[in-house]
*Asks:* 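Below is a structure I'd like to ask you about.
Both ligands and their constituent atoms are indexed starting at 1 by order of listing.
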Amino acid sequence: MSEWSPASWRAKPALQQPVYPCAGELESILRELSNLPPLVTQWEADALKAQLADAALSRRFLLQGGDCAESFNDCNAGTIADKLKILLQMSLVLVHGSNRPVIRVGRFAGQYAKPRSEELETRDGVSLPSYRGDLVNRPGFTAADRTPDPRLLLRAHGRAALTLNFIRSLVKGGFADLHHPEYWDLGWVKHSPLASEYRRIVESIAGALLFLENVLGIRAGEIERVDFFTSHEGLHLPYEEAQSSRSDAGGRWYNLSTHFPWIGVRTSDPDGAHVEYFQGIANPIGLKVGPSTSPATLVHLLDILNPAEEPGRLTLIHRFGCDRIATCLPPLIEAVKASGRTVLWCTDPMHGNTLQTPDGVKTRRFADILSELEQSFDIHAALGSRLGGVHFELTGENVTECIGGARGLTEEDLGRAYKSEVDPRLNYEQALEMAMLIARKMKTLGGR
Ligand code: PEP
Ligand code: CO
């Protein structure tokens with residue numbers, strides 16, 4: 001095998017890569033990108049890896065969520081704060097349900113590149129390159145919008161840095177302090193059918209905190225300030241390569257554009273360029289697993305991506321759809337068990353449950369998402385395995401992209417506030433409801 005380098009993926013087939021009109025311009029931009037300061041540090045990535053290792057042993061629980069695709073236009077204070085708020089609220093509910101610390105990982109500060117099933121999109125007889133996320137091109141349907149523009153790589157790095165800077169300030173400044181959950185109030189709680197249950201959970205956590213501090217005299221440092229980690233799909237390999245670095249000669253390489261990059265299901269071929277790139281970086285990584293992943297391929301991928309069996313290195317994020325999980329998941333769990341390896345299993349109940357309405361609008365049913373989630377818990381428990389995390393596409397905004405939930409959104413509601421350029425997200429109320437239903441499920445399983 002030839003030696004790994006951040007560029008060694010270039011010798012392998014790389015799917016889902018944009019074709020830029022001018023290679024010279026791309027190269028000079030990538031050089032510029034590689035000289036910019038990193039967004040995260042290797043110590044943060046290592047801290048997350050240690051926490052994920054705990055989650056694989058059921059000592060923590062992973063909550064990963066955010067937009068399908070972040071948009072440059074939504075890089076503003078309100079949208080970012082709302083994303084943080086909904087993740088905080090959900091995590092509080094999950095702490096309560098699981099009796100475990102929750103690891104919070106946003107699909108944010110870099111989730112700008114999208115895999116597409118079709119190279120081209122055709123409207124009224126006109127075909128143009130598909131929109132591949134703000135990292136690559138623009139959603140408008142003109143040739144100028146859809147031509148890949150390498151300058152967007154620099155803008156993405158800048159927007160990711162602005163997003164992360166604001167998140168770090170909010171977290172450091174006490175916004176995420178568990179003593180003050182009222183800071184995270186999204187303003188809707190008063191009117192929601194879920195309000196009283198949420199309030200009860202918050203009060204019980206506040207009560208536990210008071211007990212810890214006043215009765216037991218424990219000043220729980222870790223409780224006061226929660227951590228947030230970032231993640232995105234490591235899809236655009238030149239962009240990821242340019243942000244790979246090692247702190248000293250002979251040290252390990254890290255991707256310092258995010259704490260937790262993941263490999264998407266379409267680019268998970270063991271012989272492909274993405275797996276080649278990911279095997280050489282030392283970050284904790286995610287691997288999406290779907291109906292097309294065979295048990296033998298999965299075990300082969302574990303060997304390639306985590307040969308040293310490093311705890312916390314690999315999270316398997318499975319996404320089958322509520323109709324297929326019962327047949328697809330058990331053989332994979334059995335294969336991993338037979339390999340003797342420990343992984344963190346996480347469920348993504350979104351990507352196997354996308355459907356189109358008769359009007360051609362992409363949506364997902366709340367009930368399908370919940371069904372895949374509940375089946376995930378049950379299947380792992382029945383096979384003596386553990387589900388250690390959940391992965392959602394969600395937003396803190398009041399959008400209408402998924403149907404169902406306590407408020408009973410219907411297909412007619414989709415037109416009202418549909419904002420996503422790619423996949424439909426749970427809105428804040430649906431996301432919080434989902435967290436409550438997961439918490440309930442975890443209670444019935446008694447911490448399995
Ligand atoms: C995604 O997470 O947005 C995505 C494209 O997922 P998958 O690779 O599982 O289809
Ligand atoms: Co998506």
*Asks:* Both conditions, 6.0 Å and 45 degrees, for the charged tip of Arg123 above the ring of Phe141: are they met here?
*Replies:* yes

*Asks:* Between the side chains of Arg10 and Glu241, is the shortest nitrogen-to-carboxylate-oxygen separation below 4.0 Å, so that they form an ion pair?
*Replies:*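 Salt bridge flag = yes for Arg10 with Glu241.
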
*Asks:* List every atom of ligand 1 that sits less than 4.0 Å from any heavy atom of Val265, numbering the atoms from 1 in the order shown and giving each element.
*Replies:*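 Heavy-atom distances to Val265 below 4.0 Å select 8 (O), 10 (O).
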
*Asks:* Taking everything shown except Arg246 itself, do over 12 heavy atoms lie less than 6.0 Å from its CZ?
*Replies:*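 Buried by this count: over 12 neighbours within 6.0 Å.
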
*Asks:* Give a yes or no on whether Arg116 atom CZ has more than 12 heavy-atom contacts from other residues, nucleotides or ligands under 6.0 Å away.
*Replies:*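 Yes - once you tally the heavy atoms of other residues, nucleotides and ligands closer than 6.0 Å, there are more than 12.
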
*Asks:* Do the side chain of Thr41 and the main chain of Glu44 share a donor and acceptor less than 3.5 angstrom apart?
*Replies:* yes

*Asks:* Is it the case that atom CD in Glu309 sees more than 12 heavy atoms from other parts of the structure closer than 6.0 Å?
*Replies:*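 More than 12 heavy atoms, drawn from other residues, nucleotides or ligands, come within 6.0 Å of this atom.
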
*Asks:* May I ask whether Met350 has any heavy atom positioned less than 4.0 angstrom from an atom of ligand 1?
*Replies:* no

*Asks:* Note the single closest protein heavy atom to atom 6 (O) of ligand 1, along with its residue, its atom name and the distance in Å.
*Replies:* Lys288 NZ, 3.0 Å

*Asks:* Arg107 to ligand 1: N or O pair under 3.5 Å?
*Replies:*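 In this structure, Arg107 places an N or O atom under 3.5 Å from an N or O of ligand 1.
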
*Asks:* Taking the six-membered ring for Trp, are Tyr239 and Tyr112 closer than 6.0 Å centroid to centroid?
*Replies:*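 No: the rings miss the under 6.0 Å criterion.
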
*Asks:* For Arg324, does the CZ atom have more than 12 heavy-atom neighbours from other residues, nucleotides or ligands under 6.0 Å away?
*Replies:*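 Atom CZ in Arg324 is not crowded, with 12 or fewer foreign heavy atoms closer than 6.0 Å.
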
*Asks:* Using the Co ion (ligand 2) as the apex, give the angle to atoms NE2 (His351) and SG (Cys68), rounded to 10 degrees.
*Replies:*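 The angle at the Co ion (ligand 2) comes to 170°, rounded to the nearest 10°.
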
*Asks:* So that I know where these two stand, are Trp9 and His274 an aromatic pair - ring centroids less than 6.0 Å apart?
*Replies:*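 No.
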
*Asks:* Among all the protein's non-hydrogen atoms, which is closest to atom 5 (C) of ligand 1, and how far away is it?
*Replies:* Pro115 CG, 3.7 Å

*Asks:* Given that the side chain starts at C-beta and the backbone is N, CA, C, O, which of these parts of Phe392 lies under 4.0 Å from ligand 1, counting heavy atoms, or is it both or neither?
*Replies:*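 The answer is neither.
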
*Asks:* For Asp423, what is the atom name of its N, O or S atom nearest to the Co ion (ligand 2)?
*Replies:*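 Result: OD2.
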
*Asks:* Which of the atoms of ligand 1 are close to Gly264, meaning less than 4.0 Å from one of its heavy atoms?
*Replies:*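 Once the distances to Gly264 are compared, the set is 8 (O).
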
*Asks:* Restricting to N, O or S, what is the name of the atom of Glu393 that lies nearest the Co ion (ligand 2)?
*Replies:*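 Checking each N, O and S atom of Glu393, the shortest distance to the Co ion (ligand 2) belongs to OE2.
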
*Asks:* Do any nitrogen or oxygen atoms of Lys114 come within less than 3.5 Å of a nitrogen or oxygen of ligand 1?
*Replies:*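 Checking ligand 1 against Lys114, an N or O pair does fall under 3.5 Å apart.
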
*Asks:* Among protein heavy atoms, which sits nearest to atom 1 (C) of ligand 1, and what does the distance come to when rounded to 0.1 Å?
*Replies:* His351 NE2, 3.0 Å

*Asks:* What atoms in ligand 1 come closer than 4.0 Å to a heavy atom of Arg319?
*Replies:*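 Close to Arg319: 7 (P), 9 (O), 10 (O).
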
*Asks:* Relative to the heavy atoms of Trp262, which atoms of ligand 1 are at a distance of less than 4.0 Å?
*Replies:*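 In order of numbering, the contacting atoms are 2 (O).
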
